[in-house]
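As structure tokens, the structure follows; a few thoughts come after it.
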Amino acid sequence: MIDFNKELNKEQSKVVYEGDGPCLVLSGPGSGKTRTLVYRAAYLLEKGVPSDRILLLTFTKKAAEEMLSRIKDISPDDQSEICGGTFHHAGNLFLREFASKLGYSPHFIIIDKEDSKSILSDIIKKRKEEGVPKAPVVQSIISLAVNSKKRIEEVLEEQFSYLDHGIMDALLDIHKEYEERKKDQNLMDYDDLLLKWRELLEIPDVLKVLSERFLYILIDEYQDTNLLQDEIVHKMSSAHGNILVVGDDSQSIYSFRAANIDNILKFSEKHSGAKIFKLETNYRSTFEILDMANNAIMNNRKGFPKELKSVKGEGNFPCIIPFSGEMDQARYISNYLMENDKEAHDTAILFRAHFHSVELELELARKNVPYTMRGGMKFVEQFHVKDLMAFLRIFLNFRDESSLKRLFLRQEGVGEVGSRQVIDEFLKYNGLQEVLSKKKTILDNVSSSRNRKTLERLFFLMEEAAEKDIKEKISVFRNNFYDQFLDLSFDNAGERKNDLKRIEEMSLKYDSLERMVADFSLSENFKKERENKGVTLSTIHQAKGLEWKNVFVISLKEGDFPHSKAIQENLIEEERRLFYVAITRCKENLFLTYPTYSLRERRASSPSRFLREIDPNQEDEDVIDDEIIEEEGEWEAF
């Protein structure tokens, strides 16, 4: 027998003992939500509920495995038949059982994103239409339409407005053919595992079987569910009403992935007589950090009122530090990490968008401070950043074959053979000016008309940028070629453009192209073998669910955080929730930093409204700059 009162606090015990019927558990950060779910499942088993009558749904395979393992560790009862896993895992199980009801064989094949892109790419190439984006973009449009239950036209208008809307008919035809191919070949993609599961539940006899099969449904991270998932769980619990969902509306930060905060806010409307529990006891952070988090989130109008309470008690007050610019911010943090290197593994630098980290990454590499970029590549290793560097390098060394090849392969229809032929022509000459003066001869020697057209575009870029400064070179590259390439190639084109804009801003601090390219090369090749021992750098979205002793939240400048697009589109509340998530990652020492000057706008910048909300005196803070921070030697790159 488990002594639940000993193992759980009063808030958690209440959920475990009283969790029958529809229940919404509002679980603040660091409040033990996973523990509560695990013990609720163990309690049901102890009360005699057969394990095969419990359905446990999570958002990641790792989370599901952890929960099932913990249930096994604490429960003496048989839990072997608990149906536990991600939404997609459960959808796969039920679709195998009832596939014939939808015209599929039970042996359908699940295709991953790469397989899906391959099919879409084949369809797009066959059509040979101008202006149609590449497969990853089309795939993202289709996926968002499915998960948000919107028409493709709506998704295109709301999230891909930069694309030519003249391609609408082509997109609809591509989508139709994609669906037909999957059906003909007995294939399902990841989105189908939810969509088809939802379709199964529209069939009365299937709905009866599945809704009666499970007596209890437990769901984690409910604030991250989309409309499709919300409808699924509503149907699955229709026979018995025993649905317990755990989540935190204050941590709903994934609307760009179709997560819908209304699923949790309107839970009681959809489930009559729903009970609402609150887990507000926080085991992670000090009183001062939680006080700041509580004060920040109370400015949101949409949401359930709750107040986090610290078990750890009092600690250090969070530090709000203004800097004269991003460079000073980067140097201060790198110096802090060098002085506190023994705590680097328990320190994180968090930011709203990846491009906010570029100055810091270069400075860390310059000072040989090891770091790990969570959830992705370092800034300078990213595809689009390397493409820009390839363009800039040809002005330093036009015989740089790898850079020339990289630029040529970005052109539509240019392959290895074509790029090799053009590069060989370039290498006949002794300098960039000579190459440009001989462009007619070079063009005449290129056999393929497509390669000649590509080469003409490259010559145009070179000529336009040749005599310009670094910033103008980058502007030529972006405006005359690369921005359009990004729009048609990536579903996150806007983020990638922002990255390149940040580099364009940074270039103003360099007195030579050689130094800038060298800095980026240094950072790219920076001692990767030491990364696992260093500080963690992460976007806030990637940091959700994690914790560190020391946390820096950087670039808290109005227009950066909250993001200017969020301000324009009135999405401030989600931005504030993101700020709340960032603060509550910290256990003890919290640093909130921002630059007081915008290099891009060439004017003073304001601290984020989120900082002003928690400290109205922010405008009067002393600014830390080069003269205040002592450092040996010159600050090299800038």
Side-chain angles (χ1 to χ4, degrees), residues 2-50 53-59 63 67 71 75 82-84 87 211-225 227 229-252 259-283 294 297 300 302-309:
I2 302 172
D3 187 343
F4 292 96
N5 289 324
K6 179 181 179 182
E7 297 295 331
L8 304 168
N9 66 33
K10 290 182 179 180
E11 295 169 345
Q12 296 165 339
S13 296
K14 191 175 179 66
V15 174
V16 167
Y17 290 133
E18 302 176 21
D20 285 359
C23 298
L24 170 62
V25 182
L26 298 169
S27 175
S31 63
K33 67 177 178 61
T34 301
R35 185 177 185 83
T36 305
L37 271 177
V38 165
Y39 276 88
R40 172 62 182 169
Y43 175 78
L44 293 174
L45 293 170
E46 188 173 285
K47 290 301 177 182
V49 177
R53 307 300 300 277
I54 299 173
L55 175 61
L56 174 63
L57 296 175
T58 67
F59 271 81
M67 284 195 189
I71 294 170
S75 176
I82 290 179
C83 184
F87 276 87
S211 64
E212 292 179 354
R213 177 174 297 175
F214 300 102
L215 288 176
Y216 292 91
I217 299 177
L218 311 176
I219 305 173
D220 192 18
E221 302 286 10
Y222 205 68
Q223 77 280 346
D224 295 336
T225 54
L227 285 174
Q229 291 162 324
D230 185 62
E231 289 185 357
I232 286 170
V233 298
H234 183 66
K235 290 280 188 181
M236 289 290 292
S237 62
S238 59
H240 52 74
N242 289 319
I243 175 172
L244 185 147
V245 304
V246 179
D248 183 4
D249 54 294
S250 296
Q251 296 187 75
S252 180
N260 193 320
I261 191 174
D262 284 342
N263 292 348
I264 197 167
L265 294 179
K266 297 182 178 180
F267 182 85
S268 297
E269 295 178 20
K270 290 189 176 182
H271 301 271
S272 179
K275 305 171 190 173
I276 297 180
F277 302 90
K278 294 182 181 181
L279 303 182
E280 298 174 302
T281 303
N282 178 284
Y283 294 88
N294 289 330
I297 203 63
N300 272 5
K302 287 178 66 175
F304 293 97
K306 49 190 171 298
E307 184 175 357
L308 299 177
K309 306 175 187 69

Polar side-chain atom of [X] near backbone of [Y] as donor-acceptor pair, under 3.5 Å:
X: Ser13; Y: Lys10; answer: no
X: Arg35; Y: Glu7; answer: yes
X: Asp249; Y: Phe304; answer: yes
X: Asn242; Y: Leu215; answer: yes

Residue pair [X] / [Y]: nearest heavy atoms and the distance that separates them:
X: Ile2; Y: Ser75; result: CD1-CA, 4.3 Å
X: Phe267; Y: Val245; result: CE1-CG2, 3.7 Å
X: Gln251; Y: Ser27; result: NE2-O, 4.1 Å
X: Val16; Y: Arg40; result: O-NH1, 2.6 Å
X: Ile276; Y: Ser268; result: CD1-OG, 3.7 Å

_Electrostatic pair Asp248:Lys278 at N-O distance under 4.0 angstrom_ =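 No salt bridge links Asp248 with Lys278.
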Hey, could you give me the [atom1]/[atom2] distance between [X] and [Y], rounded to the nearest 0.5 Å?
X: Ile232; Y: Leu227; atom1: CD1; atom2: CG; value: 11.0 Å
X: Leu44; Y: Asp20; atom1: CG; atom2: CG; value: 7.0 Å
X: Leu308; Y: Asn294; atom1: CG; atom2: CG; value: 5.0 Å
X: Tyr39; Y: Glu46; atom1: OH; atom2: CD; value: 11.0 Å
X: Phe277; Y: Leu24; atom1: CZ; atom2: CG; value: 9.5 Å
X: Phe59; Y: Asp220; atom1: CZ; atom2: CG; value: 8.5 Å

*Of all residues at least two apart in sequence or in a different chain, which pass the side chain to side chain contact (heavy atoms under 4.5 Å, CB included) check with Lys266?*
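Here the qualifying residues are Asp262, Glu269.
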*Do Asn9 and Tyr283 pass the side chain to side chain contact (heavy atoms under 4.5 Å, CB included) test, and can you show the C-alpha distance, the side-chain angles, and the key distance before you say yes or no?*
CA-CA 11 Å; Asn9 66 33; Tyr283 294 88; 2.8 Å; yes
*Stepwise, does the side chain to side chain contact (heavy atoms under 4.5 Å, CB included) test hold for Tyr222 with Asp230?*
CA-CA 9 Å; Tyr222 205 68; Asp230 185 62; 2.6 Å; yes
_Working for side chain to side chain contact (heavy atoms under 4.5 Å, CB included), residues Leu56 and Ile71_ = CA-CA 11 Å; Leu56 174 63; Ile71 294 170; 4.3 Å; yes
*Partner set under side chain to side chain donor-acceptor pair (under 3.5 Å) for Ser250, not counting sequence neighbours*: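 By the side chain to side chain donor-acceptor pair (under 3.5 Å) rule, Ser250 matches Lys306.
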Any non-hydrogen side-chain atom of [X] less than 4.5 Å from a side-chain atom of [Y]?
X: Phe87; Y: Thr225; answer: yes
X: Ser252; Y: Ile264; answer: no
X: Ile219; Y: Val233; answer: yes
X: Leu244; Y: Val246; answer: yes
X: Leu45; Y: Ile82; answer: yes
X: His271; Y: His234; answer: yes
X: Ile217; Y: His240; answer: yes
X: Val25; Y: Lys33; answer: no

*By salt bridge (charged side-chain N to carboxylate O under 4.0 Å, His left out), which residues pair with Arg53, not counting sequence neighbours?*
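Partners of Arg53 under the salt bridge (charged side-chain N to carboxylate O under 4.0 Å, His left out) test: none.
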*Any luck finding a side-chain donor-acceptor pair between Gln229 and Glu231 under 3.5 Å?*
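No.
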*asked:* Take a 6.0 Å sphere around NZ of Lys14 and say whether it holds more than 12 heavy atoms from other residues, nucleotides or ligands.
replied: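 Counting other residues, nucleotides and ligands, NZ of Lys14 stays at 12 neighbours or fewer.
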*Test Thr281 against every option in Lys309, Gln12, Glu11 by the side chain to side chain donor-acceptor pair (under 3.5 Å) rule and name the one that passes.*
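Looking at Lys309, Gln12, Glu11, the match for Thr281 under the side chain to side chain donor-acceptor pair (under 3.5 Å) is Glu11.
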